[in-house]
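Comments concern the structure below.
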Amino acid sequence: MRFAFTEDQIALHDAVRDLLNDHSNAAQLREAWGNETGRTASAWGALHAMGAIDAMRAEADGGLGFNEVDAILIAEASGRVALAEPIIETMMVAAPLNLVTIGLSAAVVTHESPFAPWADTAEVIIELAADGIRSRHRQDTTLTPRSSVDGARRLFAVSPNTEVAPASTEVALAFRRGALGTAAQLCGLSETMITVTVAYAKERKQFGVPIGSFQAVKHHLANARTKLEFARPLVYRAAASLRDRDAEAGVHVSMAKAAASDAAMVAAKASLQCHGAIGYTTEADLHLYMKRAWALGGSWGDAAWHRRQITNHLERAPIGER
Amino acid sequence: MRFAFTEDQIALHDAVRDLLNDHSNAAQLREAWGNETGRTASAWGALHAMGAIDAMRAEADGGLGFNEVDAILIAEASGRVALAEPIIETMMVAAPLNLVTIGLSAAVVTHESPFAPWADTAEVIIELAADGIRSRHRQDTTLTPRSSVDGARRLFAVSPNTEVAPASTEVALAFRRGALGTAAQLCGLSETMITVTVAYAKERKQFGVPIGSFQAVKHHLANARTKLEFARPLVYRAAASLRDRDAEAGVHVSMAKAAASDAAMVAAKASLQCHGAIGYTTEADLHLYMKRAWALGGSWGDAAWHRRQITNHLERAPIGER
Amino acid sequence: MDLAFSPAEEAFRAEARAWLQANVPNPPLPSGDTKDGFALHLEWERQLFDARYAVVSWPEEFGGRNASLWEWLIFEEEYWLAGAPQRVTQNGIFLLAPTIFEFGTAEQQQRILAKMASGEEPWCQGWSEPNAGSDLAGISSTATRDDTNGGWRLNGQKTWTTRGAFCTHLFGLFRTDPEAERHNGMTYLLVDLRQSGITVRGVERLDGDEGFAEVFFDDAFVPDVNVLGEVNKGWGVAMATTGSERGLTLRSPGRFLATATKLIELAKSLPDTATPELKDRVTQAWIDAHAYRWQTFATVTKLVEGGHTGPESSMVKVFWSELDVRLHEIALELLGPHAELIDGEFAHWMKGYQFALSGPIYAGTNEIQRNVIAERVLGLPRK
Amino acid sequence: MDLAFSPAEEAFRAEARAWLQANVPNPPLPSGDTKDGFALHLEWERQLFDARYAVVSWPEEFGGRNASLWEWLIFEEEYWLAGAPQRVTQNGIFLLAPTIFEFGTAEQQQRILAKMASGEEPWCQGWSEPNAGSDLAGISSTATRDDTNGGWRLNGQKTWTTRGAFCTHLFGLFRTDPEAERHNGMTYLLVDLRQSGITVRGVERLDGDEGFAEVFFDDAFVPDVNVLGEVNKGWGVAMATTGSERGLTLRSPGRFLATATKLIELAKSLPDTATPELKDRVTQAWIDAHAYRWQTFATVTKLVEGGHTGPESSMVKVFWSELDVRLHEIALELLGPHAELIDGEFAHWMKGYQFALSGPIYAGTNEIQRNVIAERVLGLPRK
């Protein structure tokens, strides 16, 4: 048993984090909200250049042969900056299955996430259906734009695919990777919301003292931090279970997504309340992260949906399972 | 519309409150915990002498002809002192149906409250069954004692009654009166738990100041007080609906019991936490009220059970019902 | 205890319901927190005013009906049940007007009230400043005596002024005695925003609407006739208003009953996602909306019989604001992956959620309200 | 990241499981917080000790197995899964012993540890005083120098001393420098309770057991060999212990996993009352128990690799204590009107609930812990 990342994994994470701080900071994210595609100017290219986008592709296919544990810290780092790029869809869903050309992006729809983010700039639209994975080039689909509360997250309804699905056993794995990557992003978002709120609470004064010295503010943020502390290990464990093709990996992913979604909702609410009125404007950066958290909390199965999968599992499972 | 009690009703409440402070204070309640019957030495007699026990009996039958609104403040006052007497069972269930001799006590079992409190000192055991009301003299039953966490609340399982139930339309009314009286008691208990905790928090010092000056303690108690503030009106409204034989009275009683049970659980938890270790001993009075709250919260249908009745109602009801 | 409304009250309800059914805009108006939407809302407010439904509880001379508190509550229930628009005049008619009725001169009442209610002169609230939010007594905007012109010169800044970019007038507190400390030396002033010396900058709210404003004062002028109450006694005057804000008038129970009803409809329309655990939470929220209604009825009975409300209003503010958040949270959970959409048939839930999130923050954060409950309702020590 | 235990660890698990299955008392022992129950528990502790399962992580010379942290965690999982009794020696072996290993002399270790682990000399904790609960630095019990006898004379009172009425020894803080303020001038002393000068009065706990005690000192004697660490440096020594209390050692994840498993069994056994909304909460609690397990695994990995734990342990304490309450609350809701019974097949849930309620209070209330999280994990200002 060793429940920690390797030095290499951490070094890679740090490199991705530094890259994203350069290419996807709050100002750059605001630009993405306002531009045509909703995507950042340079983050995708930079991530591609360092090999992150295609990291989970086999080395023979031009990737780095990363497994889910290798990739999960990249996903978390992308969440920390609310990266406005289809990284989970591409890095964790499409690329390891070789469904997209190296360097290009994919869009994904599932029953639990029927609108595909950034589909208009994707090479392929992938549908994770009950009976298998269907993949089409964007040009072969009709995209209908929908508006997300997250202004950078350009959503599209996709015209139905009437093709007979290719038989595939990978659909469960692909869905789990997508849900897991989203859970990791939610952990990153929680961390950022707490960080920006702590900074604000140390600086903002009322009644002659920083508002962060009030016990009510402290306890809001302590609760959020504690929720995150106990969500993150479930995400890392699910990553390892997926890597190991554990028979229970689906349950572990559901635990991770449920916990990460809940933690992000708690962090969002605590952060907004501690910001007070300034957090209620778009002038504070908080809303950039909070709205992404709202969107991702309900994507790839919300917390209640994942808990239901676990409940169903527990009704079948022998007692004592862990 | 006048949503308030009359001066007469308030005067009667005050008289009952004063009487109970004399006959059912914490010391007297502790005696009841230790004695053979679990009942107080003098409260029942005193309540009988002032006419409270049989208040809901028709005047022609020797009562005061009280309706549910007249009686509800008596029930609440009895909860405030955690009265160790079967007052709800007798005053609100048995007496108005003339099922018990004036001055004597009744015990009641229902599907949702299968153990009858203080049955061994009751004249009659009443069963509220789906098909009607069955009533037997205590001597015609076999009582098996069960132990409640509330040491004064002597519970008994009652041998099955195989008689054919008399057809009765009163069973729903009787159950609602019992649930409503219990809801009122829970409001009284919430009030007392908050009161004793506020007193302790003003007196107990840590770090050189009263613990009640800490924002965390303040907010625990503010939450409890707010829950009570919004539970009590539902109890009073349900009393009036029952009095008026409103077609929706059953729903209103369920709203009252659900809200009062939840409020009492919040008050109990906040009170214990604010007391700290002293509340975790039986030397503080808090436990007398808290344990009664736990017991009554689960009796006559717990909060979840009552919410389910309302959910079922809402699924049938036309939209716009209020 | 009498739960029935009188025949006259029921007749008033029927009349209001009929008028609203005939007149409520359909499809609903766009948000009143944008420039164009605000203008459309003012047209609606004018229509209400002309039918004498804008301010039913006011005296007839100012456009009201002398309606009782009960009738006012009935009207509010019908108003929200009919799906009628948010009141963009609300900060004037619900927050400022009660203060003018209590502290204003006859001249002020004549000059201000009817135009406020008709929407001709919409009012915004100038309370908060960049360094004075929860700590309202920390304001630093000044009003300096201008004897030459018989009035006051304003300097400083207000912020988070709801709909400030669209209103013609502002009411607020300004420091008139620079020597006085904290709660003293403030004066309640009524400011015409349509003058040089005032700059209004719209601030984008969470939901993207320009619903907030920063208001900058640079020697703006307020004549003496626009002092409300006594000079240097503004804090006491303002507290009467914040009492209104937290009390009966801002968030009538009808509003949450209407939302709860819509939530039940939503759950019924989504049988696949309305799981028993979500339906249980819908029911809980529905119970809470009714609890708020009956708690209000108890308060109104007390007021009608000559009683007063006190710090209990802080419990009311905590309750409705957190109920409003819960109602919308449950709706968003019902909507699952559709919750994030701000177009289409469900968009109003996300919009409403964002609006609801302001409830625990404005009009005194719920943290401050809980302090008030603990200290002034329960008697716990301040320090 | 390697989620598998080694073959040796799995072998240890199998061995422990087999031994526990063969030896765990069945039916379960009565509560260890009564005089008779305590004695029966000491027999069990002796049996554990003889099989070298009492303190698996200790060196062999004191009765342990030199087990790794992983093996210790494995043993704890098996221990609770087997339904084995609460450890009545826990305050000694989990709170005092780590301090003795760190600060104790070789003589103290030889004299004290094995007898503590075997249950021959059960230890209780003398931290709290009537006026020093959350505010531990506010203690006023004194230890005065007795040069004649080469030791210290104790006066004052300790309270809420868990199982104090049944233990032979007490460890705690006493003021040795009356001039020093608050955190200074305290000494960590090891006290033999079996002497004149000490009066122990049992205090009834919430659940009716005599699980607490007040301990009165009236010139009781402690020889110099029973000073732990340096004189007047007791606060630092004690803080090492409270670190243990909040950290890994007191509440192993196995305990909550076992409760969560029992809760699932309970829900399955009560199909009529296990509504979907309650089952959803059961699932949530089960997720939380696993979250605690994996968070612990992350901490253990860090410790094994030479790292340290810091104020993060306050998050752990908040999490397990509130999880324990939730687990029992859900069980009581499943039991409905049977929840209040303290006899019969379900009685252990109400008993367990009452025990769980102490979790957010003792070892530093969760309010204090949240302050620590805010100030020392997040860096918010103290004042």
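Letters go in sequence order (proteins before strands), and every chain restarts at 1. No experiment lies behind these values; they were computed from the predicted model shown.
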Q: Start with the C-alpha distance between A:K202 and D:L380, add both sets of side-chain angles, then the distance that settles side-chain contact (heavy atoms from CB on, under 4.5 Å), and finish with yes or no.
A: CA-CA 6 Å; A:K202 287 160 86 165; D:L380 288 168; 4.0 Å; yes
Q: Using the side-chain contact (heavy atoms from CB on, under 4.5 Å) rule, take D:H290 and A:M255 through it: C-alpha gap first, then chi angles, then the decisive distance, then the call.
A: CA-CA 9 Å; D:H290 283 265; A:M255 293 163 81; 3.3 Å; yes
Q: Take D:L3 and A:S241 through the side-chain contact (heavy atoms from CB on, under 4.5 Å) test and state the conclusion after the steps.
A: CA-CA 8 Å; D:L3 304 195; A:S241 291; 4.1 Å; yes
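Within 6.0 Å of the NE2 atom in D:H183, the count of heavy atoms belonging to other residues, nucleotides or ligands exceeds 12. Under a cut-off of 6.0 angstrom, the local environment of CZ in A:R245 is crowded, with over 12 non-hydrogen atoms contributed by other residues, nucleotides or ligands.
Of all the heavy atoms in A:E315 and D:K268, the pair that sits closest is O-NZ, 3.7 Å. The shortest non-hydrogen separation linking D:L378 to A:A222 is CD1-N, 4.2 Å. Between D:E9 and A:M1, the closest heavy-atom pair is OE1-N, 4.3 Å.
A distance of 7.0 Å separates CZ of A:R237 from CZ of D:R293, quoted to the nearest 0.5 Å. To the nearest 0.5 Å, atom CZ of residue A:F3 and atom OG1 of residue D:T296 are 10.5 Å apart. Residue A:Q309 holds its CD atom at 10.5 Å from OG1 of D:T283, rounded to the nearest 0.5 Å. The NZ atom of D:K279 lies 8.5 Å from the CG atom of A:N312; values are rounded to the nearest 0.5 Å. The OG1 atom of A:T311 sits 9.0 Å away from the CD1 atom of D:I264 when rounded to the nearest 0.5 Å. Atom CZ of residue D:R370 and atom NE2 of residue A:H219 lie 7.0 Å apart, to the nearest 0.5 angstrom.
Counting heavy-atom pairs closer than 4.5 Å to chain D, the top residue among A:V198, A:D244, A:T195 is A:V198. Ranked by non-hydrogen atom pairs under 4.5 Å with chain A, the options D:E312, D:K302, D:E367 are led by D:E367. Of the listed residues D:V318, D:N366, D:N371, the one with more heavy-atom pairs under 4.5 angstrom with chain A than any other is D:N371. Most heavy-atom pairs under 4.5 Å with chain A, from the set D:W70, D:F297, D:F5, D:F319: that is D:F319.
In this structure, D:E305 pairs ionically with A:R2, as a charged nitrogen and a carboxylate oxygen lie closer than 4.0 Å.
Residue D:V304: no heavy atom, backbone or side chain, is found under 4.5 Å from chain A. Contact annotation for A:F214: neither backbone nor side-chain heavy atoms come within less than 4.5 Å of a heavy atom of chain D. Only the side chain of A:R243 comes within less than 4.5 Å of a heavy atom of chain D; its backbone N, CA, C and O stay farther away. The part of D:A4 that comes within reach of chain A is its backbone (N, CA, C, O), which places non-hydrogen atoms under 4.5 angstrom from that chain. Proximity to chain D (any heavy atom under 4.5 Å) is restricted, for A:V69, to the side chain, taken from C-beta onward. Contacts of A:D262 with chain D are made by side-chain atoms alone, with heavy-atom separations under 4.5 Å and no backbone atom involved.
Taking the six-membered ring for Trp and thresholds of 30 and 60 degrees, D:W286 and A:H313 have ring planes inclined between 30 and 60 degrees apart.
Of the possible polar contacts, none joining the D:K383 side chain to the A:V209 backbone as a donor-acceptor pair under 3.5 Å is found. Formation of a donor-acceptor pair under 3.5 Å by the A:K218 side chain with backbone atoms of D:R382 is found in this model.
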